[in-house]
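Here is the structure we will look at.
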Amino acid sequence: MYRVTSARSLAENVFETWIEAPHVSKNAEAGQFLVLRIGEDGERIPLTISGVRGDLVRVIFMAVGTTTKKLAGLKTGDTILDVVGPLGKPSETHHFGSCVLVGGGVGIACLPIIAKALKASGNTVIGIIGARNKDLLILEDEMREVCDELIVTTDDGSYGIKGFAAGPLKEICETRPPNAVWVIGPAIMMKVTSGATKPFGIKTFVSLNPIMVDGTGMCGSCRVVVNGETRFACVDGPEFDAHLVDFDLLMSRQRFYHPEEKESVEHHHHAGGCGCGGRH
Amino acid sequence: MSDRPAETRILDFSEVDSGITAEEAVAEATRCLQCKKPACSSGCPVGIDIKGFIRCIEGEDFRSAIAIIKESNMLPAICGRVCPQEVQCEGECILGVKDKPIAIGALERFLADWERENGIVVPAVAAKRSEKIAIVGSGPAGLTAAAELARNGFSVTLFEALHDAGGVLIYGIPEFRLPKEIVRSEIEEVKRLGVEIKTNHLVGRSLPVDELLSYDAIILATGAGLPAFMGISGEHQIGVYSANEFLTRVNLMHAEAFPQYDTPVKIGGNVVVIGGGNVAMDAARVARRMGAEVTLVYRRRREDMPARRIEVHHAEEEGIRFLTCTNPTKILGEGTVTGVCVVSMNMCELDDSGRPAATPIPGSERIIPADVVIEAIGQSPNPLLIQMIDGLIREKKGNLKVDESGRTTIPKIFAAGDVATGAATVILAMGAAKVAAESVTRMLSEE
Ligand SMILES: Cc1cc2nc3c(=O)[nH]c(=O)nc-3n(C[C@H](O)[C@H](O)[C@H](O)COP(=O)(O)OP(=O)(O)OC[C@H]3O[C@@H](n4cnc5c(N)ncnc54)[C@H](O)[C@@H]3O)c2cc1C
Ligand code: FES
């Protein structure tokens with residue numbers, strides 16, 4: 001059993017939860033993730049480790065599926081049945097020179113820990129964080145603290161620069177090309193945004209988030225194709241060279257259980273939360 | 001042995017074989033010739049005194065009988081169910097020449113089940129020793145090594161990456177062949193010997209290698225969990241699974257009870273399973289129980305299938321369609337599986353392994369419809385931890401190089417089970433684990 005030590009909402013439907021899991025926190029490095037199962041009947045889902053403090057690890061997630069909704073409902077003092085980690089290979093955070101970290105939506109959650117590691121290796125770090133609108137933007141202060149420079153974009157222009165993060169990224173590549181770039185967010189955002197660095201031949205990492213079960217290399221659910229080869233994201237990744245990833249395949253496999261996910265959410269909704277007694 | 005009828009058993013996940021009664025056990029034991037030089041024990045990878053325990057059954061002393069088994073085997077309820085006795089103890093039984101061999105597996109299972117109902121006696125543990133031993137992986141090899149070393153007095157920690165201990169016994173072999181309650185009960189016994197089991201610990205990540213190396217001795221029992229894919233086109237589509245994933249979703253995560261359990265699995269009307277081993281049979285029979293029409297495609301002949309005969313027989317009884325001498329060439333669909341293109345195979349000359357080589361027959365391509373495709377074409381050791389430990393040497397197929405004492409190329413690291421042999425059997429894993437545990441005990445006693 002692993003205790004939730006704090007839980008709060010960061011934006012509409014986006015939550016931050018700290019979990020006491022010393023075996024994970026002790027060895028966690030930037031870019032790694034954990035797999036958790038809330039209760040006996042729960043699913044195992046992967047979440048990026050977005051912060052570490054003593055025995056505690058932080059996860060940030062959007063409550064969209066059954067498990068993330070259940071997780072969002074946990075309060076301080078509640079417990080999670082299983083947490084395993086840290087999983088996956090850590091980010092390559094050696095000395096590059098200058099680095100740009102781009103985060104979209106909840107993907108921003110992955111960045112501060114990478115930024116800190118990059119800073120510790122003596123890199124200059126520019127952050128670009130984007131969201132659909134001002135209300136959905138998360139971790140701005142934290143990013144400002146760990147980056148040398150921070151650019152904010154919103155799709156609707158309600159805050160910062162109007163438009164997608166790819167815009168400022170392209171401009172930086174043109175005017176002061178960085179030595180390495182990270183792009184983390186929804187698959188479509190990673191595909192489009194990492195396209196911006198390709199013409200410049202700049203090393204670009206993306207963190208892939210396929211469906212996982214064990215997270216230890218045992219099932220192949222997480223398989224992705226990188227440079228024409230089948231790789232298991234849970235052990236060979238989650239970070240890969242953006243310019244070699246087959247994003248269309250990733251997006252297709254992410255839809256594997258769309259109908260079942262809907263069914264599950266409805267099942268749980270009617271099973272209690274809504275009070276409709278199964279009538280809707 | 002009494003199998004439930006196929007028509008009813010495919011409607012649930014309860015055990016197929018309901019075992020034998022005490023009367024039947026005694027009657028069977030009475031048939032034993034009590035040979036002077038019993039061949040059965042030499043056929044047992046853990047060397048159980050089979051003749052001895054059968055004699056006790058004959059005298060209706062079940063308590064002594066199970067104690068004899070447990071001298072050599074801490075997991076009898078499991079072995080009684082999944083061991084390939086037909087090629088081991090029962091295969092050696094002299095009665096088998098003219099008549100049926102003694103049903104040794106059924107007797108072993110009977111005793112273990114009898115003990116579970118009548119109170120389990122935990123074997124004696126030697127005086128405590130100060131040395132600490134780490135065992136990685138909680139499948140049959142890890143559990144056996146842990147039990148042996150705990151009985152020898154060592155302080156043993158068993159690390160398991162998954163949330164439940166048991167390895168393939170929990171996530172791979174389905175409930176209807178090996179009820180999970182039985183696996184859990186035998187694991188409880190191992191714990192009662194003083195073994196500490198740490199689940200949710202992926203060694204190499206949750207426990208860094210330098211911490212692992214701080215133990216006085218280490219046994220790697222990490223299995224052969226890495227699934228192979230055929231490498232044919234279309235196999236990353238929605239609806240294509242490795243058998244490991246499919247079986248894990250059901251056995252470990254209970255996808256058969258979705259949405260009561262949160263983990264889903266796809267089934268659809270037509271399932272095609274590729275392979276001819278135990279894993280393929282299990283996947284096919286699970287899919288059948290979930291309501292699918294199941295076709296099993298195997299590239300050689302039925303007699304070449306590596307699965308246990310009884311499993312092939314059970315699968316067939318349950319209405320699995322066998323397409324032998326048939327090989328898939330691609331998986332069809334536009335993002336979601338719709339079918340499998342297969343080709344017939346010609347069986348002619350023997351290949352290096354002594355099995356007939358299979359070659360495609362030109363022009364025999366055809367399409368079988370499929371909503372789900374499950375590939376069960378083999379597994380190899382998970383390289384994750386092995387690659388992190390400098391100095392470990394791997395053989396061609398990725399298994400760890402060990403000597404006859406179970407020692408790897410690093411003196412205080414031993415290995416046992418599928419990680420050293422490649423995918424094999426429960427009992428071979430246990431046999432190797434006993435050897436490794438003895439070697440560890442000897443090494444630490446000599447120092
Ligand atoms: C579906 C299926 C059906 C089978 N049917 C039969 C049968 O009928 N009869 C038979 O005799 N054999 C059968 N087998 C084979 C048999 O199950 C295996 O040979 C046996 O389980 C091997 O035991 P093991 O202890 O070496 O490894 P496993 O049982 O594979 O256990 C290894 C364990 O190590 C864990 N692990 C791996 N890496 C790490 C790490 N770094 N840190 C922590 N933990 C780790 C894994 O999670 C796993 O739990 C079957 C196998 C399968 C898959
Ligand atoms: S999640 Fe199972 S192999 Fe990666």
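Reminder, nothing fancy here: chain letters follow the sequence lines and each chain counts from 1.
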- Proximity breakdown for A:P90 and chain B, heavy-atom pairs closer than 4.5 Å: side chain

- Message: Let's test your reading of the structure: which of B:G204, B:G239, B:G223 forms the most heavy-atom pairs below 4.5 Å with chain A?
- Response: B:G239

- Distance, nearest 0.5 Å, that separates NE2 of A:H23 from CG of B:L207: 10.5 Å

- Of the backbone (N, CA, C, O) and the side chain (C-beta and beyond), which part of B:L226 lies under 4.5 Å from a heavy atom of chain A, both, or neither? both

- Item | B:S242 to A:C219 - nearest heavy-atom pair and separation | OG-O, 2.6 Å

- Message: Using modelled atom types and a 3.5 Å cut-off, is there a donor and acceptor pairing between side-chain atoms of B:N244 and backbone atoms of A:G220?
- Response: no

- What residue in A:I45, A:L249, A:T67 has the most heavy-atom pairs under 4.5 Å with chain B? A:L249

- Which atoms of B:F229 approach chain A - backbone, side chain, both or neither, heavy atom under 4.5 Å: side chain

- Task: Look at A:V24, A:V235, A:V83 and state which one has the largest set of heavy-atom pairs under 4.5 Å with chain B.
- Result: A:V83

- Message: Using 0.5 Å steps for rounding, measure from the CZ atom of A:R44 to the CG atom of B:L252.
- Response: 7.0 Å

- Query: Do you know which of A:G215, A:A28, A:G88 has the most heavy-atom pairs under 4.5 Å to chain B?
  - Reply: A:G88

- Item | Closest heavy-atom pair and its distance - A:L81, B:N200 | O-ND2, 4.4 Å

- Which region of B:Q260, side chain (C-beta onward) or backbone (N, CA, C, O), has a non-hydrogen atom less than 4.5 Å from a non-hydrogen atom of chain A, or is it both or neither? both

- Task: Side-chain contact test, heavy atoms from C-beta onward, threshold under 4.5 Å: evaluate it for A:S221 versus B:R249 and give yes or no.
- Result: yes

- Query: Considering only heavy atoms, which portion of B:K266 lies under 4.5 Å from any heavy atom of chain A: side chain, backbone, both, or neither?
  - Reply: both

- A:R223 vs B:P227 side-chain heavy atoms within contact, under 4.5 Å: no

- So do the side chains of A:M218 and B:L162 get within less than 4.5 Å of each other, counting heavy atoms only? yes

- Message: Please classify the contact of A:P22 with chain B as side chain, backbone, both or neither, using a heavy-atom distance under 4.5 Å.
- Response: neither

- Item | Heavy-atom proximity to chain A below 4.5 Å, by part of B:E211 | side chain

- Note on the structure: Taken to the nearest 0.5 Å, the spacing of A:K89 NZ from B:R205 CZ works out to 8.0 Å

- Quick one: do the A:R253 and B:H236 side chains pair a donor with an acceptor below 3.5 Å? no

- Item | Spacing of B:Y261 atom OH and A:H267 atom NE2 [to the nearest 0.5 Å] | 11.5 Å

- With the side chain counted from C-beta on, respond yes when B:P259 and A:E260 share a heavy-atom pair under 4.5 Å apart, and no when they do not. no

- Message: Counting C-beta onward and ignoring hydrogens, is there a side-chain heavy-atom pair between B:H201 and A:V84 closer than 4.5 Å?
- Response: no

- Task: Give a yes or no on whether A:K116 atom NZ has more than 12 heavy-atom contacts from other residues, nucleotides or ligands under 6.0 Å away.
- Result: no

- Going by heavy atoms in the side chains, are B:T248 and A:D214 under 4.5 Å from each other? no

- How are the rings of B:Y241 and A:Y257 set to each other: parallel, tilted or perpendicular (split at 30° and 60°)? tilted

- Query: Hey, which of B:G335, B:P208, B:A224, B:P383 has the most heavy atom pairs under 4.5 Å with chain A?
  - Reply: B:P208

- Note on the structure: Taking every heavy atom of A:S252 against every heavy atom of B:I238, the minimum-distance pair comes out as O-CD1, 3.4 Å

- Message: What's the separation between atom CG in A:N27 and atom CG in B:L202, rounded to the nearest 0.5 Å?
- Response: 11.0 Å

- Can a salt bridge be assigned to the pair B:D262 and A:K70 using a cut-off of 4.0 Å between side-chain N and carboxylate O? yes

- Query: Between B:G225, B:G231, B:P264, B:A243, which has the largest tally of heavy atom pairs under 4.5 Å with chain A?
  - Reply: B:P264

- Query: In terms of heavy-atom pairs under 4.5 Å with chain B, which of A:E263, A:Q32, A:E261, A:R37 leads?
  - Reply: A:R37

- Identify which part of A:L250 has an atom lying under 4.5 Å from any heavy atom of chain B, answering side chain, backbone, both or neither. neither

- dist A:T66:OG1 -> B:F258:CZ (nearest 0.5 Å) comes out at 7.0 Å

- Step by step, would you call A:V213 with B:E245 a side chain to side chain contact (heavy atoms under 4.5 Å, CB included)? CA-CA 8 Å; A:V213 183; B:E245 180 183 356; 4.2 Å; yes

- Task: Against chain B, label A:E29 side chain, backbone, both or neither, depending on which of its atoms sit under 4.5 Å from a heavy atom there.
- Result: neither

- More than 12 heavy atoms of other groups within 6.0 Å of B:K180 NZ: yes

- Item | Contact origin within A:V35 toward chain B - heavy atom pairs under 4.5 Å | neither

